[in-house]
Asks: 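Once you've had a glance at the structure underneath, I'll fire off some questions.
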Amino acid sequence: MTPSEIERLAFDSDAVSAWARGSEHRRNWPVVYVLDSGDAANGASVYVGETVNAASRMRQHLASPAKAGFRSVRVVIDETFNKSACLDLESHLIRWLAGDGAFTVMNGNEGIVDAQYYERDLYREGFAEVFEQLRAEGIFQRSIPEIENSDLFKLSPFKVLTPEQAIAVEDIVDGLIEDLATGAASTSVIEGHPGTGKTIVAIFLMKLLADIRDHDEADEIEPDSMFAEYFVPENRELLARLRIGFVVPQQSLRESIRQVFRKTPRLGAAQVVTPFEVGESDEPWDVLIVDETHRLNQRANQSSGINNRRFTAINERLFGVDDPAKTQLDWIRARSAHQIYLLDAEQTVRPADLPQAALRELVARAQASHRRYPLTTQMRVRAGADYVAFVRALLRGEMAAGSRPDLGDYELRLFDDLGEMQREILQRNAEHGLARLVAGYAWEWKSNTNKDAFDIELDGVRLRWNSTTKDWINSRAWIDEVGSIHTVQGYDLNYAGVIIGPDLRFDPRTRRLFIDRESYRDKKGKENNKQLGIVYSDDDLLTFIRNIYGVLLTRGMRGTYVYVCDPTLRAYVASALGPAGRG
């Protein structure tokens with residue numbers, strides 16, 4: 001395949017007219033182009049497009065006020081290009097630019113495609129060459145692996161959706177537009193196991209609704225996009241004054257999503273809110289999309305006295321009385337007309353999380369109105385949905401010897417020595433990035449108050465818990481630290497080294513997992529609920545602890561390494577994994 005050429009010209013009428021008089025490829029050939037507004041260091045923006053008539057398309061852009069700020073254009077020309085290859089390259093460049101973060105990407109996300117076409121793999125090898133040419137000219141600042149490991153890339157709204165994700169988005173937009181026209185309220189639920197892309201759907205939906213609302217009619221919408229039909233004036237009018245918020249209960253993930261929204265036109269960091277901010281807001285929301293709904297709180301002792309007082313004040317403000325039965329879910333219902341909940345009931349990890357009954361009622365309500373959207377396609381773990389099912393069955397004590405499924409080239413390995421697992425994680429990080437040690441909360445957090453103390457000491461290895469709760473995965477301190485459930489839930493890793501602590505054990509006689517309550521060090525994780533008069537039994541805590549390890553064991557995209565403290569649990573895991581699973 002011949003190498004692509006990139007032609008650069010000023011984005012003005014004289015330059016475009018002179019350029020158009022050259023090769024016929026500039027007037028009658030599939031090409032991809034990149035518009036930019038200047039130096040990336042000064043907050044510049046970029047726009048990527050594809051066309052079969054570059055000269056004509058440039059004239060259209062020059063006539064558009066929305067493109068007035070662009071200063072130069074680069075046109076990628078290749079003798080072998082066809083329409084499908086150009087659409088694919090356009091999608092790749094948009095996603096890479098959004099993940100790189102140097103430029104603000106001005107595209108909408110309705111046209112991102114991942115279609116099959118003749119010799120696609122061969123074309124994609126050439127995309128990397130185009131990327132490097134553009135990088136040499138300052139359009140990209142980082143390498144492809146660096147970009148694809150970033151939160152900006154992983155949480156970007158510029159994503160190719162799976163068919164079931166796309167159907168969920170399409171149905172939700174259809175229903176919302178119909179409800180806005182009639183004035184009806186609505187509740188939708190997107191339900192799926194870890195790695196099925198619930199958060200991706202939410203962020204994509206936020207961007208799509210904003211693009212429909214603010215669409216410039218001079219901007220061409222790809223006619224065969226499944227979302228093209230929504231870009232019409234009547235929908236723009238319905239969405240014009242809509243107040244849309246994204247509720248993210250988890251602090252670390254919330255900050256990462258805010259960073260993405262700051263870099264995304266038509267979205268803003270102020271739209272990413274806490275449940276408390278919803279309850280305290282003076283102005284109601286039209287639409288609230290709730291990530292990790294299972295992590296919303298019921299009435300319980302909060303992380304601080306301030307939040308306990310806030311809980312009381314919000315209940316009194318919204319309901320006239322401090323009713324202990326009211327939850328953060330009730331706040332969201334009271335402050336919005338339309339709610340879209342993303343949830344997985346098996347990811348509740350603390351007693352303060354919404355009770356299972358509330359989650360079941362929420363799903364049943366959505367099911368009754370035909371607005372429940374199950375996601376099953378595994379997007380994170382390369383071993384697929386079989387791996388997630390295996391992990392959950394393993395943690396229920398249901399796996400017999402040698403029952404490990406065929407995981408392909410996915411690395412699932414059990415280690416007998418923590419030092420060896422740590423060395424392997426460091427090696428995988430050097431090769432691929434984003435390889436981290438994580439653990440169940442089975443050790444006190446001494447280093448939180450004594451910076452010289454170590455929290456976890458096993459097999460001659462001394463480690464500390466995460467020194468920050470905000471974006472620990474991307475912090476510089478991770479190399480000598482271990483992340484907890486509260487720093488990694490919702491995130492992707494390439495490799496996860498999971499330490500299963502002495503809080504989880506196995507009885508070989510009954511073949512049941514059980515907990516050691518004293519070894520479980522999360523005080524909030526085992527605290528009885530005095531406000532509601534709930535006492536949590538060992539079986540209740542087993543559910544939370546099992547869910548915690550279920551989350552930790554499904555973070556790794558390429559592989560998961562496991563170290564187990566309890567000898568009998570280690571033997572059970574080793575038996576299920578078989579000889580191929582030994583580290």
Asks: Is any side-chain heavy atom of M557 less than 4.5 Å from a side-chain heavy atom of V381?
Replies: no
Asks: Could you go through R428 and Y561, starting from their C-alpha distance and side-chain angles, then the distance that decides it, and tell me whether this counts as side chain to side chain donor-acceptor pair (under 3.5 Å)?
Replies: CA-CA 11 Å; R428 296 295 87 74; Y561 299 161; 3.2 Å; yes
Asks: Would you please test N53 and N28 for side chain to side chain donor-acceptor pair (under 3.5 Å) and show each step?
Replies: CA-CA 5 Å; N53 188 333; N28 185 25; over 6 Å; no
Asks: Testing the 3.5 Å rule here: is there a donor-acceptor pair between the side chains of Q259 and S256?
Replies: no
Asks: Does either side chain, that of Y410 or that of T560, offer a donor lying less than 3.5 Å from an acceptor on the other one?
Replies: yes
Asks: Could you go through the side chain to side chain contact (heavy atoms under 4.5 Å, CB included) check for N466 and V488 one step at a time?
Replies: CA-CA 10 Å; N466 47 274; V488 301; over 6 Å; no
Asks: Side-chain contact, heavy-atom cut-off 4.5 Å: Q347 with P194?
Replies: yes
Asks: Nearest 0.5 angstrom please: L97 CG to T104 OG1, how far?
Replies: 10.5 Å
Asks: Indicate whether any N or O donor in one side chain lies under 3.5 Å from an N or O acceptor in the other, for H486 and S484.
Replies: no
Asks: With side chain to side chain donor-acceptor pair (under 3.5 Å) as the criterion, how do E137 and Q133 come out once you've worked through the C-alpha distance, each side chain's angles and the decisive distance to 0.1 Å?
Replies: CA-CA 7 Å; E137 296 192 17; Q133 291 181 65; over 6 Å; no
Asks: Taking E164 for its side chain and T376 for its backbone only, find out whether a donor-acceptor pair lies under 3.5 Å.
Replies: yes
Asks: Can you find a pair of side-chain heavy atoms, one from L267 and one from M206, that are under 4.5 Å apart?
Replies: yes
Asks: Are there over 12 heavy-atom neighbours, none belonging to E5, within less than 6.0 Å of that residue's CD?
Replies: no
Asks: Start with the C-alpha gap between F158 and H92, add the side-chain angles, then the distance that decides, and say whether ring pair (Phe, Tyr, Trp, His ring centres under 6.0 Å) holds.
Replies: CA-CA 9 Å; F158 299 100; H92 273 75; over 10 Å; no
Asks: Keeping N149 on the side-chain end and L434 on the backbone end, is there a donor-acceptor pair under 3.5 Å?
Replies: no
Asks: Between S186 and Q339, do the side chains contain a donor N or O and an acceptor N or O under 3.5 Å apart?
Replies: no
Asks: Less than 4.5 Å apart, side chain to side chain, heavy atoms only: is that true for I425 and R436?
Replies: no
Asks: May I have the step-by-step check of side chain to side chain donor-acceptor pair (under 3.5 Å) for E411 and Y495, ending in yes or no?
Replies: CA-CA 9 Å; E411 285 191 76; Y495 287 86; 3.0 Å; yes
Asks: Looking at N109 and D211, what are the two nearest heavy atoms and their distance?
Replies: N-OD2, 3.3 Å
Asks: Which pair of heavy atoms, one from F127 and one from D88, lies closest together, and at what distance?
Replies: CE1-OD2, 3.6 Å
Asks: Could you tell me whether the side chain of L342 reaches within less than 4.5 Å of the side chain of V290, counting heavy atoms only?
Replies: no
Asks: Answer yes or no: is there an ion pair linking D214 with R236, defined by an N-O contact shorter than 4.0 Å?
Replies: no
Asks: Write down the atom of F204, the atom of K159, and the distance for their closest heavy-atom approach.
Replies: CE1-O, 3.5 Å
Asks: Between E50 and L87, which heavy-atom pair has the shortest distance, and what is it?
Replies: OE2-CD2, 3.5 Å
Asks: Please step through salt bridge (charged side-chain N to carboxylate O under 4.0 Å, His left out) for the pair R59 and D12, ending with a clear verdict.
Replies: CA-CA 9 Å; R59 294 188 187 101; D12 62 57; over 6 Å; no
Asks: Can you see whether R295 engages Q489 through a side-chain donor-acceptor pair at a distance of less than 3.5 angstrom?
Replies: yes
Asks: Run V201 and V169 through side chain to side chain contact (heavy atoms under 4.5 Å, CB included) and show every step you take.
Replies: CA-CA 7 Å; V201 171; V169 169; 3.8 Å; yes
Asks: Show your working on salt bridge (charged side-chain N to carboxylate O under 4.0 Å, His left out) between R142 and D100 and close with a plain yes or no.
Replies: CA-CA 6 Å; R142 297 185 288 172; D100 189 46; 3.6 Å; yes
Asks: Do the side-chain N and O atoms of Q251 and E255 include a donor-acceptor pair separated by under 3.5 angstrom?
Replies: no
Asks: Are any of the side-chain heavy atoms of R74 and E7 separated by less than 4.5 Å?
Replies: no
Asks: Quick one: OG on S467 to CD on E481, what's the gap to the nearest 0.5 Å?
Replies: 3.5 Å
Asks: Is it the case that Y491 and S252 place a side-chain donor and acceptor less than 3.5 Å from each other?
Replies: yes
Asks: Do K198 and E292 come within less than 4.5 Å of each other through their side chains, counting heavy atoms only?
Replies: no
Asks: Atom OG1 in T487, atom CD in Q250: separation rounded to 0.5 Å?
Replies: 10.0 Å
Asks: Within the 4.5 Å heavy-atom criterion, are S45 and F103 side-chain neighbours or not?
Replies: no
Asks: Assess the residue pair R254 and T274 against the criterion (side chain to side chain contact (heavy atoms under 4.5 Å, CB included)); give the C-alpha distance rounded to whole Å, side-chain angles, the decisive distance to 0.1 Å, and a yes or no.
Replies: CA-CA 8 Å; R254 186 166 58 246; T274 71; 3.3 Å; yes
Asks: Show your working on side chain to side chain contact (heavy atoms under 4.5 Å, CB included) between I473 and D492 and close with a plain yes or no.
Replies: CA-CA 9 Å; I473 284 173; D492 294 343; over 6 Å; no
Asks: Consider only side-chain N and O atoms of H61 and Y33, and report whether a donor and an acceptor are under 3.5 Å apart.
Replies: yes
Asks: We want to know whether T468 and S475 form a side-chain donor-acceptor pair, criterion being a heavy-atom distance below 3.5 angstrom.
Replies: no
Asks: For atom NE2 of H193, decide whether the heavy atoms of other residues, nucleotides or ligands shown that lie under 6.0 angstrom number more than 12.
Replies: no
Asks: Just checking, is any N or O donor in the side chain of E79 or W29 under 3.5 Å from an acceptor N or O on the other one?
Replies: no
Asks: Looking only at heavy atoms, which two atoms of I94 and V105 are closest? And how far apart?
Replies: CG2-CG1, 4.2 Å
Asks: Rounded to the nearest 0.5 Å, how far apart are OH of Y123 and CG of L89?
Replies: 11.5 Å
Asks: State the NZ-OG distance between K263 and S156, to the nearest 0.5 angstrom.
Replies: 12.0 Å
Asks: How long is the straight-line distance from CG of L493 back to CZ of R380, given to the nearest 0.5 Å?
Replies: 8.5 Å
Asks: Is it the case that the side chains of D174 and Y230 hold a donor-acceptor pair, with the cut-off being a distance below 3.5 Å and no angle test?
Replies: yes
Asks: Could you go through the salt bridge (charged side-chain N to carboxylate O under 4.0 Å, His left out) check for E148 and R95 one step at a time?
Replies: CA-CA 9 Å; E148 293 186 349; R95 283 178 280 165; over 6 Å; no
